[in-house]
Trainee: 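Okay, handing you the structure first.
Quick caveat, the model's predicted, so the values are computed rather than measured. Numbers for residues simply follow the sequence, beginning at 1.
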Amino acid sequence: MVENAKGNSFDFPCKDVVTCVEFCPFEAASQLIAFGGQLRVSIGSCRFQEEDKSVAGSDYQHLRDFHHDTQVVAISWSPETSLEILPRCVRFCTAGVDHKIRLFTSDMKEQDVMELMDGHVDYINALAFEPTEGQLIASVSDDHTCRVWGLDGVQKACFSLKAAGMSACWNSQDPMKLMVAEKRGTIRFYDLLNQQPIMSLDAGHVMLKSADWCPSDPTRVGAAVEGEWMVWDITRSSRAEDSQQAHTEGTQQFRWSRISENLFATTGRPGNQVKVFHMGHHQVPVSSEVPVLGGLTWHAFLPICAVGGDRKIHVWITEA
């Protein structure tokens with residue numbers, strides 16, 4: 001079911017205010033989308049005409065709800081998620097406002113398992129599954145730590161930060177490299193083998209809200225800093241190679257497209273604007289005034305991004 005289709009944008013209806021949303025980035029389940037609200041995580045299936053000509057524009061089907069004891073802050077998919085092999089496996093982790101991580105595993109029929117990971121003592125801002133083997137989860141918090149967990153809930157590493165941790169991202173080509181962005185403008189890279197920092201990037205003494213490591217080109221890192229976006233080539237300098245004003249009230253989120261090193265999206269504060277930027281020609285393919293309440297995500301193989309709103313998910317089809 002799709003509501004309010006307008007040109008290259010669509011709205012999917014939801015039961016709750018959406019606080020976070022994530023397309024599954026893995027081939028075996030790329031049609032899945034997860035989104036969270038006050039007390040549940042919902043899983044749905046999204047199909048688009050760009051991948052299936054039998055679909056008129058786009059199609060959304062609700063699949064399953066999972067009870068969540070508290071408001072959902074963030075969601076990350078496991079690479080072990082697959083709908084192609086029986087029994088099906090859907091696995092994802094969440095961060096809640098109660099400072100806990102929950103790991104959900106389901107066959108989408110009868111067997112659901114939830115494991116609780118407890119260790120952070122303040123608000124968790126982001127978490128991320130290691131994207132190749134899926135045996136580790138990284139989380140960052142206002143408690144000035146980045147923690148790495150095994151699937152058994154045992155903490156494998158803990159890095160002390162100099163400010164609140166805002167984002168955690170794994171290298172898409174090297175599973176032992178982890179990027180952590182701190183609120184005061186420093187982005188550090190860690191080697192999980194020796195649990196030591198190996199390099200850092202400097203955004204200046206500013207308010208950094210979000211950062212992302214480009215999945216299609218790990219030499220590129222981007223961040224939402226004050227009212228701007230910043231982009232680094234980490235092989236050249238610790239200083240940003242490009243930046244631009246994005247949102248006059250402050251830039252809230254930054255996410256790279258999964259298929260292009262030139263395409264990324266940002267959201268603004270107080271949460272009413274979404275923009276898509278293309279560095280190849282410095283145009284803005286999407287600039288939309290919508291109430292963004294949580295989340296910013298890109299489809300695994302298509303130039304399609306989505307954000308969470310008030311009982312709906314807003315989706316834009318852009319250019320590669």
Side-chain angles (χ1 to χ4, degrees), residues 11-24 32-44 60 62-78 81 90-106 112-129 137-147 149 153 164-169 181 183 209-212 224 250-255 267-274 290-297 305-315:
D11 291 341
F12 298 127
C14 308
K15 299 175 184 176
D16 304 313
V17 171
V18 179
T19 56
C20 54
V21 58
E22 283 292 333
F23 281 117
C24 182
L32 294 183
I33 188 168
F35 50 94
Q38 290 300 318
L39 293 172
R40 78 179 106 203
V41 177
S42 299
I43 306 294
Y60 170 76
H62 182 76
L63 299 179
R64 188 75 176 274
D65 287 332
F66 294 85
H67 177 72
H68 202 273
D69 294 322
T70 187
Q71 181 180 313
V72 189
V73 175
I75 299 172
S76 182
W77 287 96
S78 164
T81 297
V90 169
R91 177 173 287 166
F92 59 92
C93 61
T94 66
V97 295
D98 59 356
H99 315 155
K100 294 179 173 60
I101 296 168
R102 291 166 175 82
L103 173 63
F104 292 86
T105 305
S106 173
D112 296 340
V113 177
M114 192 273 286
E115 301 283 346
L116 202 62
M117 302 179 188
D118 193 356
H120 283 295
V121 295
D122 207 337
Y123 194 83
I124 299 171
N125 291 304
L127 78 172
F129 250 108
I137 299 167
S139 57
V140 290
S141 166
D142 282 352
D143 65 11
H144 292 206
T145 67
C146 170
R147 299 171 191 255
W149 314 80
M166 303 305 292
S167 297
C169 304
K183 193 171 186 177
K209 298 292 291 184
S210 168
D212 196 21
T251 306
Q252 192 75 8
Q253 299 176 92
F254 181 108
R255 291 293 294 270
T267 63
R269 292 184 308 192
N272 63 355
Q273 192 178 54
V274 177
V290 295
V292 180
L293 301 177
L296 173 62
T297 183
C305 68
V307 299
D310 185 359
R311 292 177 175 82
K312 62 183 63 177
I313 294 171
H314 305 286
V315 181

Trainee: What's the spacing between Met166 CE and Phe254 CZ if we round to 0.5 Å?
Mentor: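 Interatomic distance, Met166 CE to Phe254 CZ, rounded to 0.5 Å: 15.5 Å.
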Trainee: List for me each residue that meets side-chain contact (heavy atoms from CB on, under 4.5 Å) alongside Ala306, sequence neighbours excluded, and say none if there are none.
Mentor: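 Ala306: side-chain contact (heavy atoms from CB on, under 4.5 Å) contacts with Phe23, Thr297, Ile313, Val315.
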Trainee: Sequence neighbours excluded, which residues qualify as salt bridge (Lys or Arg N to Asp or Glu O under 4.0 Å) partners of Arg64?
Mentor: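 Checked Arg64 against salt bridge (Lys or Arg N to Asp or Glu O under 4.0 Å); matches are Asp112.
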Trainee: Would you please name every residue forming a side chain to side chain donor-acceptor pair (under 3.5 Å) with His68, sequence neighbours left out?
Mentor: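 If we apply the side chain to side chain donor-acceptor pair (under 3.5 Å) test to His68, skipping adjacent residues, the hits are Thr94.
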Trainee: Once side chain to side chain donor-acceptor pair (under 3.5 Å) is applied, do any residues pair with Trp77, and if so which ones, sequence neighbours excluded?
Mentor: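 Side chain to side chain donor-acceptor pair (under 3.5 Å) check on Trp77 returns nothing, list empty.
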Trainee: Would you give the length of the straight line joining atom CG of Asp11 to atom CZ of Arg311, rounded to the nearest 0.5 angstrom?
Mentor: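 If we round to the nearest 0.5 Å, Asp11:CG and Arg311:CZ are 14.5 Å apart.
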Trainee: Give a yes-or-no answer on whether the side chains of Thr81 and Arg91 include a donor-acceptor pair shorter than 3.5 Å.
Mentor: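 No donor-acceptor contact under 3.5 Å links the two side chains.
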Trainee: Has the side chain of Thr19 got a donor or acceptor atom that lies under 3.5 Å from a matching backbone atom of Val72?
Mentor: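 Side chain of Thr19 to backbone of Val72, a donor-acceptor pair under 3.5 Å: yes, one is there.
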Trainee: Only one of Val18, Val17, Asp16 forms a side-chain contact (heavy atoms from CB on, under 4.5 Å) with Cys14, so which one is it?
Mentor: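 Only one of Val18, Val17, Asp16 forms a side-chain contact (heavy atoms from CB on, under 4.5 Å) with Cys14, namely Val18.
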Trainee: Applying side-chain contact (heavy atoms from CB on, under 4.5 Å), can you list everything that pairs with Cys93, at least two apart in sequence or on another chain?
Mentor: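 Counting only residues at least two positions away or on another chain, Cys93 forms a side-chain contact (heavy atoms from CB on, under 4.5 Å) with Ser76, Ile101, Leu103, Leu127, Phe129, Ile137.
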Trainee: What's the spacing between Gln38 CD and Asp69 CG if we round to 0.5 Å?
Mentor: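 Going from the CD atom of Gln38 to the CG atom of Asp69 covers 13.0 Å.
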Trainee: With rounding to the nearest 0.5 angstrom, report the CG to OG1 distance, Leu39 to Thr70.
Mentor: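 It comes to 7.0 Å.
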Trainee: Judged by atom type as modelled, is there a donor-acceptor pair below 3.5 Å linking the side chain of Ser141 to the main-chain atoms of Asp122?
Mentor: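 Yes, the answer is positive, given that a donor and an acceptor are paired below the 3.5 Å cut-off.
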Trainee: Can you list everything that forms a salt bridge (Lys or Arg N to Asp or Glu O under 4.0 Å) with Asp212? Sequence neighbours excluded, please.
Mentor: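 Asp212: salt bridge (Lys or Arg N to Asp or Glu O under 4.0 Å) contacts with Arg255.
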Trainee: At their closest point, which heavy atom of Val140 faces which heavy atom of Cys146, and how far apart are they?
Mentor: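 Val140 and Cys146 have their closest heavy atoms at CG1-CB, 3.8 Å.
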Trainee: Main chain of Gly165, side chain of Asn125: is a donor-acceptor contact present, judged purely on distance under 3.5 Å?
Mentor: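 Here the side-chain-to-backbone pair exists.
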Trainee: Who are the salt bridge (Lys or Arg N to Asp or Glu O under 4.0 Å) partners of Asp98, not counting sequence neighbours?
Mentor: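 Testing Asp98 for salt bridge (Lys or Arg N to Asp or Glu O under 4.0 Å), a comparison that skips the adjacent residues, returns Arg102.
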Trainee: List the atom of Ala126, the atom of Ala74, and the distance in Å for their closest heavy-atom pair.
Mentor: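 Ala126 and Ala74 have their closest heavy atoms at CA-CB, 4.4 Å.
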Trainee: Please report whether the ring centroid of Phe12 lies less than 6.0 Å from that of Phe35.
Mentor: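 No, the ring centres sit 6.0 Å or more apart.
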Trainee: Do any N or O atoms from the side chain of Ser42 and from the backbone of Asp65 form a donor-acceptor pair under 3.5 angstrom?
Mentor: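 No; judged by distance alone, with no hydrogens or angles, the pair does not exist.
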Trainee: Which pair of non-hydrogen atoms, one from Val21 and one from Gly294, has the smallest distance, and what is that distance?
Mentor: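 Taking every non-hydrogen atom into account, CG1-O, 4.0 Å.
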Trainee: Quick one: side chain to side chain donor-acceptor pair (under 3.5 Å) partners of Ser210, sequence neighbours excluded?
Mentor: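 Scan of Ser210 (side chain to side chain donor-acceptor pair (under 3.5 Å), adjacent residues dropped) gives none.
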Trainee: Say whether, by atom type as modelled, one donor and one acceptor occur between the side chain of Ser167 and the main chain of Ala211 under 3.5 angstrom.
Mentor: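 Yes, because the side chain of Ser167 sits within donor-acceptor range (under 3.5 Å) of the backbone of Ala211.
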Trainee: Once rounded to the nearest 0.5 Å, what's the spacing between atom NZ of Lys100 and atom NE2 of His120?
Mentor: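 Those atoms lie 12.0 Å apart.
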Trainee: Who passes side chain to side chain donor-acceptor pair (under 3.5 Å) against Asp310, sequence neighbours left out?
Mentor: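 Listed in chain order: nothing, the list is empty.
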Trainee: If you round to the nearest 0.5 Å, how far is CG of Asp142 from NE2 of His99?
Mentor: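 The NE2 atom of His99 sits 8.0 Å away from the CG atom of Asp142.
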Trainee: Report the residues that fulfil salt bridge (Lys or Arg N to Asp or Glu O under 4.0 Å) with Arg147, sequence neighbours left out, ordered by chain and then residue number.
Mentor: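 For Arg147, the residues satisfying salt bridge (Lys or Arg N to Asp or Glu O under 4.0 Å) (neighbours in sequence not counted) are Asp143.
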